[in-house]
Amino acid sequence: MEASSPRPSAPADPPTASAPTTPFSTVIRTASHEQHTEAENSSFMSDLLGGGLGIPAYRRYTEQLWFVYRALEDVTDDLAADPVAGPFLRPELARTAALERDLAHLGGPGWRTGLTPLPATAAYADRVADCARTWPGGFVAHHYTRYLGDLSGGQIIRGTAEKTWGFARKGDGVRFYVFEDIPNPAAFKRRYRAQLDALPVDDLEKQRVVDECKHAFRLNGAVFRELGEQFPLSA
Ligand code: HEM
């Protein structure tokens, strides 16, 4: 017969080495969700994608992108060996050449003559260049904000631009949105998120990267505001 003494309680679960943490790619996406919604709903974007603005507005927007992508891509060689930023610098993402083809289509061969950035665009490009020079984690924040966006919502913008202004499908005018060397964007984004998850920095630095991502969204918002002032919806 069993003794009636109370059974010893089951041993507590051994403490886990570390509490499960949210992957960094989820943290950065979640943290910038609100800013993303604001960017999507900015009046310039809504007017542009709603078909209320003409090709000149689309061209001016594309010009701004050219300044930003030059800042992102001019530094590729300098950052290639950097352990934090280097792994993100994939040649198949490069957009400057595509933007230049689009701009030649939109503005003719002299599209570059006298071209100046809007003040908000100059500030944005300066910030990207500063990060590239001094802070690889900050550069990653800008890289993520632009390229992962282009691979996602950019495809919606391309479809609308083709329909609204009659550009050839995936042709001149919308080449910026066509990643010819990325046949499977979903798989590419999965790998990109895995790289974010493996970012070799501590938690404090990750928080700073998230803050810089929010800043990147604000910088985009400022460009939209200035474009909106230049191209108010002709109601
Ligand atoms: C009308 C304009 C826009 C539309 C329609 C749009 C739409 C989308 C969509 C559908 C996704 C995919 C969401 C998912 O996979 O869960 C996405 C992701 C993203 N968008 Fe946008 N977007 C727009 C503007 C922007 C702007 C201006 C930026 C920043 C410059 C941006 C940055 C991003 C980023 C970084 C992601 C990736 C989020 C992640 O998976 O980590 N988007 N966008």
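Position 1 is the first residue of the sequence, and the numbers go up from there. As the structure lists them, so they are numbered: ligands from 1, and atoms in each ligand from 1.
- In this structure, Gln35 does not count as a contact residue of ligand 1, since none of its heavy atoms falls inside 4.0 Å of the ligand.
- With respect to atom 10 (C) of ligand 1, the closest heavy atom belonging to the protein is Ile156 CD1, 3.8 Å.
- Taking atom 41 (O) of ligand 1 as the reference point, the nearest protein heavy-atom neighbour is Tyr144 OH, 2.5 Å.
- Using a 4.5 Å cut-off on side-chain heavy atoms (C-beta onward), Val209 and Tyr144 make no contact.
- Counted by atom type alone, Asp211 and Gln207 present one or more donor-acceptor pairs between their side chains at under 3.5 Å.
- Side-chain contact between Phe179 and Pro185 is absent, with no heavy-atom pair separated by less than 4.5 Å.
- Aromatic ring centres of Tyr147 and Tyr69 lie closer together than 6.0 Å.
- With a 6.0 Å cutoff to the six-membered ring centre and a 45° limit on the axis angle, Arg95 does not count as a cation-pi contact of Tyr177.
- With hydrogens left out, the protein atom closest to atom 16 (O) of ligand 1 is Arg29 NH1, 3.3 Å, a heavy atom.
- Within a 4.0 Å radius of atom 13 (C) of ligand 1, the protein has no heavy atom.
- Of all atoms in ligand 1, listed by their number and element, those nearer than 4.0 Å to a heavy atom of Asn220 are 30 (C).
- Within a 6.0 Å radius of CD in Glu180, other residues, nucleotides and ligands contribute 12 heavy atoms or fewer.
- Close contacts between ligand 1 and Arg193 involve ligand atoms 39 (C), 40 (O) [criterion: under 4.0 Å to a heavy atom].
- Note on ligand 1: Phe224 sits in its first shell, one or more heavy atoms being nearer than 4.0 Å.
- Under the 6.0 Å cut-off for aromatic ring centres, Tyr58 and Phe167 qualify, their centroids lying closer than that.
- Among protein atoms, those of element N, O or S found less than 2.8 Å away from atom 21 (Fe) of ligand 1 are His36 NE2.
- Of the protein's non-hydrogen atoms, Phe217 CE2, 3.5 Å is the one closest to atom 29 (C) of ligand 1.
- Two residues are said to be in side-chain contact when any heavy atoms from C-beta on lie closer than 4.5 Å; Thr30 and His33 fail this criterion.
- Taking every heavy atom of Leu49 and a limit of under 4.0 angstrom, the matching atoms of ligand 1 come to 1 (C).
- Looking at heavy atoms from C-beta onward, Arg127 lies in side-chain contact with Glu212 at the 4.5 angstrom threshold.
- By the 4.5 Å heavy-atom criterion applied to side chains, Leu106 and Glu63 are not counted as neighbours.
- Annotation: ring pair (Phe, Tyr, Trp, His ring centres under 6.0 Å) contacts involving residues 183-204, sequence neighbours excluded, comprise Phe88-Tyr192, His143-Tyr192.
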